[in-house]
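Below: the structure, in structure tokens.
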2 protein chains.
Amino acid sequence: MIDEQAATVPDMQQADRLNAVFAALSDPVRRAILERLDGEELLVSELAEPFDISLQAVSKHIQVLVRAGLISQERTGRISRCRLDAGPIYDAAVWVNRYSKYWQAQFETLAAWLEDLDETKKR
Amino acid sequence: MIDEQAATVPDMQQADRLNAVFAALSDPVRRAILERLDGEELLVSELAEPFDISLQAVSKHIQVLVRAGLISQERTGRISRCRLDAGPIYDAAVWVNRYSKYWQAQFETLAAWLEDLDETKKR
DNA sequence: TTGATATTCAATCATATGATTGATTAATGG
DNA sequence: CCATTAATCAATCATATGATTGAATATCAA
């Protein structure tokens, strides 16, 4: 049985997945798209609206995000609804968090974040 | 007062910094370099040794990391000692951690990680 | 059916990236 | 002084990226 979450990029190795995720996150348009998809599903045209670039350019950014496994699209008729797929970002988080020991000054922020998670868990 | 941690790339905007950091992290050679620099300073030639690419190619990867503010080099004589500068990775961590709510299945790992930090803080 | 709408495809372009090889610079050590 | 070593510079190359415009596809609505 194939993993449905990662089905867009079936047999991608861990390193290649990280390459694709970090590369996808290196563009501000794509980060803004992911930020807007946090909590709601949006159409390609809705996602494109705030940007000063062509719809086609946004469509290609979305394709990059799909290939990286960060977005999935459900097409019904002529509209294409985009949904965030945060799973692959976890790999990126694990990678960067290995350096958390160097951010002791900002520790409070991270602690606050954990407490938040912890609350969610207890309920 | 200017942030000393980010002094290597003085007037870079937040978005541009994230662009550069994520782009730097999108290459497996550069990630491996950063992993090896976690805890020790190494020369360019030492960093290059494990890779099957030319020394010049590694040198260029290091330059990318320097431009992203992730590495600083101190040259004494003909050798160039490379030191990790984890500060900018913090920005990347903050960005990706906004999606932590989607990783509830992996929560235990993150909790363990933060408990570890918490221990360090108490001591 | 006709026309508008949503999205993608295709061709093109300028620039960026990652690699190579060869030359250069600069500091060592005998 | 001379040869070696460490690292960077420079030119080149193939490929990737991000953008554009124009065409195509497909759906919906009047």
Side-chain angles (χ1 to χ4, degrees), chain A residues 8-9 12-13 15-34 36-37 40-83, chain B residues 8-9 12-13 15-34 36-37 40-83:
Chain A
T8 41
V9 194
M12 206 183 254
Q13 301 296 329
D16 295 323
R17 290 194 48 170
L18 269 186
N19 296 351
V21 171
F22 281 128
L25 297 182
S26 73
D27 186 282
V29 170
R30 289 193 292 261
R31 284 200 306 277
I33 287 172
L34 292 177
R36 287 194 62 211
L37 288 178
E40 57 177 345
E41 299 187 2
L42 291 168
L43 305 184
V44 173
S45 47
E46 290 171 330
L47 284 168
E49 195 272 321
F51 299 110
D52 267 352
I53 59 177
S54 67
L55 176 70
Q56 290 95 319
V58 175
S59 177
K60 286 211 276 183
H61 278 300
I62 290 171
Q63 286 167 50
V64 170
L65 291 166
V66 169
R67 269 183 274 122
L70 293 165
I71 278 184
S72 56
Q73 284 178 296
E74 194 192 351
R75 191 147 193 184
T76 42
R78 49 181 176 173
I79 70 171
S80 184
R81 193 161 291 278
C82 300
R83 181 170 46 75
Chain B
T8 41
V9 193
M12 208 183 254
Q13 301 296 329
D16 295 323
R17 292 194 47 173
L18 270 186
N19 296 352
V21 171
F22 280 127
L25 297 182
S26 73
D27 186 281
V29 170
R30 290 193 291 263
R31 285 199 306 277
I33 288 172
L34 293 176
R36 287 193 64 209
L37 288 177
E40 57 177 346
E41 300 187 1
L42 292 168
L43 305 185
V44 173
S45 47
E46 291 171 330
L47 285 168
E49 195 271 322
F51 299 109
D52 266 353
I53 58 177
S54 67
L55 176 70
Q56 290 95 319
V58 175
S59 177
K60 286 210 275 183
H61 278 299
I62 290 170
Q63 286 168 48
V64 170
L65 291 166
V66 169
R67 270 184 273 125
L70 293 164
I71 278 185
S72 56
Q73 284 177 296
E74 194 192 352
R75 191 149 192 180
T76 42
R78 53 184 172 170
I79 69 171
S80 186
R81 193 161 290 277
C82 300
R83 180 170 47 75

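Excluded from the calculations below are hydrogen atoms, water molecules and symmetry mates; all remaining heavy atoms, backbone and side chain alike, are included. These figures come from a predicted structure and were not determined experimentally.
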Residue pairs involving residues 19-34 of chain A (criterion side chain to side chain donor-acceptor pair (under 3.5 Å); sequence neighbours excluded)
A:Asn19-B:Arg31, A:Arg30-A:His61, A:Arg31-B:Asn19
Could you give the [atom1]-to-[atom2] distance, from [X] to [N], as a whole number of Å?
| X | N | atom1 | atom2 | result |
| --- | --- | --- | --- | --- |
| A:Ile33 | D:dG18 | CD1 | P | 11 Å |
| A:Ile71 | C:dT8 | CD1 | P | 11 Å |
| A:Asp16 | D:dA16 | CG | P | 14 Å |
| B:Arg30 | C:dT17 | CZ | C1' | 8 Å |
| B:Arg31 | C:dG18 | CZ | P | 12 Å |

Would you indicate which nucleotide in C:dG22, C:dT7, D:dT20 comes nearest to any side-chain atom of A:Gln56?
D:dT20
Would you please name every residue forming a side-chain hydrogen bond (donor to acceptor under 3.5 Å, both in side chains) with B:Glu49, sequence neighbours left out?
none
Pairwise N/O distances under 3.5 Å, protein to nucleotides 11-14 of chain D:
none

Residues in residues 40-55 of chain A with a heavy atom under 4.0 Å of DNA chain D, by number, are A:Ile53, A:Ser54
Which residues satisfy the side-chain contact (heavy atoms from CB on, under 4.5 Å) test with B:Leu43, sequence neighbours excluded?
B:Ser45, B:Glu46, B:Ile79, B:Arg81
So, does A:His61 get its side chain near the phosphate of D:dT17, meaning an N or O under 4.0 Å from OP1 or OP2?
no
Could you list all N or O pairs between the protein and nucleotides 25-30 of chain D that sit under 3.5 Å apart?
residue, atom, partner, partner atom, Å
D:dT27, O2, A:Arg78, NH1, 3.1

